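Here the structure is laid out as structure tokens; the discussion comes afterwards.
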There are 2 protein chains.
Amino acid sequence: MARGREPTVKDVAEHAGVSPGVVSRVVNANGSVSERTRERVLASIAELGYRPHSAARELRTRTTNTIGLVLADVANPFFSQLADHIVRHAADAGLGVLLTTTQEDPAMELKSIELLLQKRVGGVIAAPGTENAAAWRHMRETGVELTFVDRFIDRIPGIDVVGMDNEHASHSATTALIERGHRRIALVNGPSATSTGRERIAGHRRALQEHGIAEDPGLVVELAFRPVEAETALSGILALPQPPTALIVGNTAVSASVVTHLRSAGISVPHDLSVVVFHDAEWTALTSPPLTVVRHPLDDLARHAVDMLNTRLNSPERLRRREKRLPSELVIRPSIAPVRD
Amino acid sequence: MARGREPTVKDVAEHAGVSPGVVSRVVNANGSVSERTRERVLASIAELGYRPHSAARELRTRTTNTIGLVLADVANPFFSQLADHIVRHAADAGLGVLLTTTQEDPAMELKSIELLLQKRVGGVIAAPGTENAAAWRHMRETGVELTFVDRFIDRIPGIDVVGMDNEHASHSATTALIERGHRRIALVNGPSATSTGRERIAGHRRALQEHGIAEDPGLVVELAFRPVEAETALSGILALPQPPTALIVGNTAVSASVVTHLRSAGISVPHDLSVVVFHDAEWTALTSPPLTVVRHPLDDLARHAVDMLNTRLNSPERLRRREKRLPSELVIRPSIAPVRD
DNA sequence: TTGTAAGCGTTATCAA
DNA sequence: TTGATAACGCTTACAA
């Protein structure tokens, strides 16, 4: 892990015939330097190829321009698009992004937290799992600014949240199906231990209630955020004596495998089953038929997350907790149709 | 960007009634400490919640356990899956990953290089663009270990490369089509300025030659790695007096938009046009018909990239340049069929 | 406007 | 086995 010796402030100072302090002031456009020496210093910097040493700077100033990003799984299109936007916005704000993934595994999440703590990142954007509330809280108490994105664990003071309005999105999806005459609507959801899971069920229930439809618990399945169990769960639902006529997939991680299974099970969409999927991945319009989706404002989500965090990073005083909800949009495509008699 | 004060070696030392040096030796399982004091120190560490300060450590030891990852675009499924694997393997090796994206923009790539240089990362894994050869070379000369993944610019001494065998993959795809009677095979490719672009064209040509088929330059299109131009380029090809009967998409970034366009243009696959796509994204089996794809060994690619880099990081002497090629696999699905008369 | 010097948290060296 | 001390590269009072 050795690195070749690179020029330091001292080298630059000697080369320019000034003191190290002056070089620092030039580099940071801090304190005062005469125009003449400023130019000399800049010339020396250019000639020597001097580059400030981040670690030394961080050590001295107790600050950092690196933030952490903790996501479950960058292979999931929802998270990967989110990550892409976050990295871009962070770069615009002059922030580097240290990315860790947890694979929805609490132990890996803990390791991520540990790594970011050691790196003394100034702040972290995370879509937290459900098990490490204490660790997240502790991270915040340690002075690390924290913004939860998409999901959150608890309304912890000082931890901002930016997410979608899942309750509303889910309500819209269910309502669209009810309006098409569906009464037996299945929901394949993420775990209720997650905020997104809970909110999506809540919106679904509210829509059913508003139309006087009794809820059938057998039609709601909670799947972990890994695709494995999708098949069996789905088979179970579809084999019910009274199978559903519509299906909402509220768990982004399993959408593709659900669609695969429907296809291999020979289920015709929307004839046998109307389908709505959360997250407008690049392929959802390419299936036959194209899928009705809940489209999330990922770029806005990322922008707000970076902004909120950055505000905290640059604010000396302790700010109050903020929560931002962004609206999703129901994009109707041919995968939903009026129910058959 | 301020951080709360956290315990330091000094605090731990005082608490345990030893000197800072001893604490350091305990933490790093370095030098010698008696079992008795070791336990006392560990207890103090636990009680105070001490965590070594990365920056201080980096400054003193001139090492780092952070690597950089420079990719064009994490929203592209090929890169996002690659990133996911790389982050996982890096974590297994105890390495944090600082992710930057370039959006295929040379200026952004340069900014990424600059950031990683300042952060004094020990090594970088990158899928480089074509314009910054000098900067990459300089980065290497500066002592940063470098591994190019997927693409490479030049065979620069000391920069390892791990990629797919694109020539072979492309040759297989074209051959599969020729064997089905196709003679007019279009290739939508990435820029020839990239190694992957060149290799894929080469394999395509070799297959044509082996079967005595004259190459029609009008059937080969180079598209930048952004989806925008896909439509016009494709319309052009399909409007030719003698349109192709088969199409290979060698540019991962535009696959989805190509398929979208074919659909909206009312082209029936494989009846009107056989289609092969590079990279087996999660949706390629979900279209109608399912797409024949070139499947890349992404996990292996990531594993080798991290391993090669890590070897360099831990090797005191300057190693020779290595190049590793991994085989891709042609997965035949119904999107290709014998040519019609 | 400039230089000097101390110190950020570590670890390595050397002496005890 | 342990402790004292210097140094990594930088910034920032403070003094000149």
Side-chain angles (χ1 to χ4, degrees), chain A residues 1-42 44-45 48-65 117-122 142-143, chain B residues 1-42 44-45 48-66 117-120 122 142-143:
Chain A
M1 297 215 200
R3 296 286 316 274
R5 185 169 180 308
E6 292 206 50
T8 70
V9 265
K10 213 177 145 198
D11 298 324
V12 176
E14 279 173 16
H15 187 272
V18 295
S19 77
V22 177
V23 177
S24 172
R25 272 171 265 154
V26 169
V27 171
N28 299 294
N30 201 318
S32 52
V33 269
S34 78
E35 187 53 27
R36 224 177 126 278
T37 57
R38 208 182 76 88
E39 276 169 18
R40 231 175 40 245
V41 169
L42 287 176
S44 299
I45 287 177
L48 299 181
Y50 166 74
R51 233 175 295 269
H53 189 304
S54 285
R57 193 178 255 180
E58 287 174 24
L59 183 58
R60 171 67 227 227
T61 62
R62 312 168 136 281
T63 67
T64 236
N65 62 159
L117 242 21
Q118 291 203 10
K119 291 285 178 194
R120 301 293 197 277
V121 293
T142 264
Chain B
M1 297 216 199
R3 295 286 315 276
R5 187 174 178 304
E6 290 206 51
T8 70
V9 265
K10 214 177 145 198
D11 299 322
V12 175
E14 277 173 18
H15 187 273
V18 295
S19 77
V22 177
V23 177
S24 172
R25 271 173 266 154
V26 169
V27 170
N28 299 294
N30 202 319
S32 53
V33 268
S34 78
E35 186 53 27
R36 225 178 124 276
T37 56
R38 207 182 76 89
E39 276 168 18
R40 230 174 43 244
V41 169
L42 286 176
S44 299
I45 288 178
L48 299 182
Y50 167 73
R51 234 176 294 269
H53 190 304
S54 285
R57 197 176 251 181
E58 288 173 24
L59 181 59
R60 172 67 228 225
T61 63
R62 311 170 137 280
T63 67
T64 250
N65 61 158
T66 305
L117 241 22
Q118 291 204 9
K119 291 285 178 195
R120 301 292 198 278
T142 265

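Fair warning: this is a prediction, and the values are worked out from it, not measured in the lab. Note on naming: letters A, B, ... go to the chains in the order of the sequence lines (proteins, then strands), and numbering restarts at 1 for each one.
- Annotation: the span from A/Leu117 atom CG to B/Ser54 atom OG amounts to 10.0 Å, rounded to 0.5 Å.
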Next item on the list: Apply the test side chain to side chain donor-acceptor pair (under 3.5 Å) to residues B/Thr66 and A/Lys119: give CA-CA distance (whole Å), side-chain angles for both, the deciding distance (0.1 Å), then the verdict.
Entry: CA-CA 9 Å; B/Thr66 305; A/Lys119 291 285 178 194; 2.6 Å; yes
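- For B/Glu58 against A/Ala55, the heavy-atom pair with the smallest separation is OE1-CB, 3.7 Å.
- Between A/Arg120 and B/Pro52, the shortest heavy-atom distance links the atoms NH1-O, 3.2 Å.
- Rounded to the nearest 0.5 angstrom, B/Ile45 CD1 and B/Arg51 CZ are separated by 11.5 Å.
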Next item on the list: Could you run through nucleotides 7-16 of chain C and give me one letter per nucleotide, 5' to 3': B if any protein heavy atom sits under 4.0 Å from the base, S if only the sugar-phosphate is that close, - if neither?
Entry: BBBBBB----
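- In this structure, the separation between CZ on A/Arg60 and OG on A/Ser24 is 9.0 Å, given to the nearest 0.5 Å.
- In this structure, B/Glu58 atom CD and D/dC10 atom P are separated by 14 Å, rounded to whole Å.
- Atom CD of B/Glu35 is separated from atom P of D/dT2 by 11 Å (rounded to the nearest Å).
- An OP1 or OP2 oxygen of C/dT1 is reached within less than 4.0 angstrom by a side-chain nitrogen or oxygen of A/Ser32.
- Helix-axis bend for the helix from C/dT1-D/dA16 to C/dA16-D/dT1: the local axis fitted to the five terminal pairs at one end deviates from that at the other end by 40°, rounded to 10°.
- Expressed to the nearest 0.5 Å, how far CG of B/Leu48 lies from CD of B/Glu6 amounts to 11.5 Å.
- Between A/Thr8 and A/Tyr50, the shortest heavy-atom distance links the atoms C-CE1, 3.6 Å.
- Backbone-only engagement by A/Ser34 is indicated by non-hydrogen atom pairs under 4.0 Å involving sugar-phosphate atoms exclusively.
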